[in-house]
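Convention: sequence-line order gives letters A, B, ...; per-chain numbering from 1.
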2 protein chains.
Amino acid sequence: MRVLSEALALADERELDAVTMAALAQRLGVTTMALYRHVTNKADLLDGLVELLLAEAVQPAPQLAWPERLAAFATDLRATARRHPSVFPLLLERPAATAAARQARDEISLALADAGIPQQDTDQMQRLLSTAILGFALSEVAGRFDAQTAPQRDADFELLLEILTESIQSRLRA
Amino acid sequence: MRVLSEALALADERELDAVTMAALAQRLGVTTMALYRHVTNKADLLDGLVELLLAEAVQPAPQLAWPERLAAFATDLRATARRHPSVFPLLLERPAATAAARQARDEISLALADAGIPQQDTDQMQRLLSTAILGFALSEVAGRFDAQTAPQRDADFELLLEILTESIQSRLRA
DNA sequence: ACCTGAACACCGTTCAAGT
DNA sequence: ACCTGAACACCGTTCAAGT
């Protein structure tokens, strides 16, 4: 939907606070009130933005071994966060029960199943892994790691992946 | 400061959006404009709220073995999140360079040093651990785990601690 | 030192009316 | 079906003026 993609562009160019009904309408060359035909209210607009972000973040993954699949998922999510730093935080704050959110969970669960994690444990592990990855990506775009250099943040991300992979492997031996 | 503690109480009783300069002033029995004597603007007010939260979350820890010290830190942080669910998300979004933030980092670094992590690695590990714990606490209060029962979320939290502890131990053997 | 009145520019939202 | 004008209640903030 044009309204949503323009809202995302506006958020990227300025910041989330700049995404005002009036500013968005002006960008679309239309009056503020016209927006309420396409979106029921502002909360709905923000939900749409989150959905757009999720759809962009979760790529249909190719055939990969599970550690690479997990790394690809995390890398894609991190890249999306950096592309849309002002909208990304919304992702952690709005419980996503949408199709794209389910696809993200499935992607991790698939990696866990490939690794050989018992089916009764995959949901729990999936929640912990996705939370750790989301937390890292959010921290980075929110400026929590601004004291670190870019290469240092990359090294942190690599270590995160290493720890997550190890934690899966140790659950296989148990 | 009375202004900050009342703002926190207001956020707890209603929600963050309800913390408006007018509503806060009314609660203090004073006019809106009087607030600008105690706080330079609303952003400053929110920063003060974050600081208040951090101070509450980070308790001066007793003498504990490192796994218990780490667990105590995480448990305290999680409890603070649940006590102030609407303000807590701000903690991830405002890079905290304050005294309380430093104390939180030191608490984890101390546990890592006790565990025997080489000094050159503690900062990096500390960032990853605190990010995972913050991510969990934020997810929980933001409703990302609403599909899970309370006992299930508790079990998730225990597993998180277990994984983090394991990741420290595996770095000792390396 | 602390508080107030009046004023400003800007929010989101509704609703009847227009094409 | 889609857009607009006018209006509403509510934001944060400034500034001169009061005690």
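Rounded to the nearest 0.5 Å, atoms CG (A:L49) and CG (A:L54) are 11.5 Å apart.
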Checklist outcome for this item: Under the rule of Watson-Crick or G-U wobble with both distances under 3.5 Å, where | means paired to another strand and [ ] a crossing pair, DNA chain C maps to ||.|||||...|||||.||

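Side-chain N/O atoms of A:H38 include one lying less than 4.0 angstrom from OP1 or OP2 on D:dC3.
Applying the ring-ring contact (aromatic ring centres under 6.0 Å, His included) test to B:F136 and every residue at least two apart in sequence or in another chain returns B:F145, B:F157. A search for salt bridge (Lys or Arg N to Asp or Glu O under 4.0 Å) contacts involving A:R78 returns A:E140, A:D154, not counting sequence neighbours. Under the rule for a salt bridge (Lys or Arg N to Asp or Glu O under 4.0 Å), the partners of A:E162 that lie at least two apart in sequence or sit in another chain are B:R171. A:R37 is linked by a salt bridge (Lys or Arg N to Asp or Glu O under 4.0 Å) to nothing, counting only residues two or more places apart in sequence or in another chain. Shown here are the salt bridge (Lys or Arg N to Asp or Glu O under 4.0 Å) partners of A:D76, two or more places apart in sequence or in another chain: there are none.
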Identify each donor-acceptor pair in which a side-chain atom of residues 106-123 of chain A lies under 3.5 Å from a protein atom, sequence neighbours left out, and give them as a table.
{"from": "A:E107", "atom 1": "OE2", "to": "A:R69", "atom 2": "NH1", "distance (Å)": "3.0"}
{"from": "A:S109", "atom 1": "OG", "to": "A:R105", "atom 2": "O", "distance (Å)": "3.1"}
{"from": "A:T122", "atom 1": "OG1", "to": "A:Q119", "atom 2": "O", "distance (Å)": "3.0"}

Output a table of donor-acceptor pairs, distance under 3.5 Å, between side-chain atoms of residues 22-34 of chain B and any protein atom two or more places apart or on a different chain; print 'none' if there are none.
{"from": "B:R27", "atom 1": "NH1", "to": "B:E6", "atom 2": "OE1", "distance (Å)": "2.7"}
{"from": "B:R27", "atom 1": "NH2", "to": "B:E13", "atom 2": "OE1", "distance (Å)": "2.5"}
{"from": "B:R27", "atom 1": "NH2", "to": "B:E13", "atom 2": "OE2", "distance (Å)": "2.8"}

Checklist entry - In B/S/- notation, 5' to 3', how is nucleotides 11-16 of chain D contacted by protein heavy atoms closer than 4.0 Å? => result SSBB--

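A heavy-atom distance below 4.0 Å to DNA chain C is reached by none of the residues of residues 3-12 of chain B.
Screening residues 29-79 of chain A for ring pair (Phe, Tyr, Trp, His ring centres under 6.0 Å), with sequence neighbours left out, gives no hits. Sorted by first and then second residue, the side-chain hydrogen bond (donor to acceptor under 3.5 Å, both in side chains) pairs with a member in residues 40-49 of chain B read B:D47-B:R94; sequence neighbours excluded.
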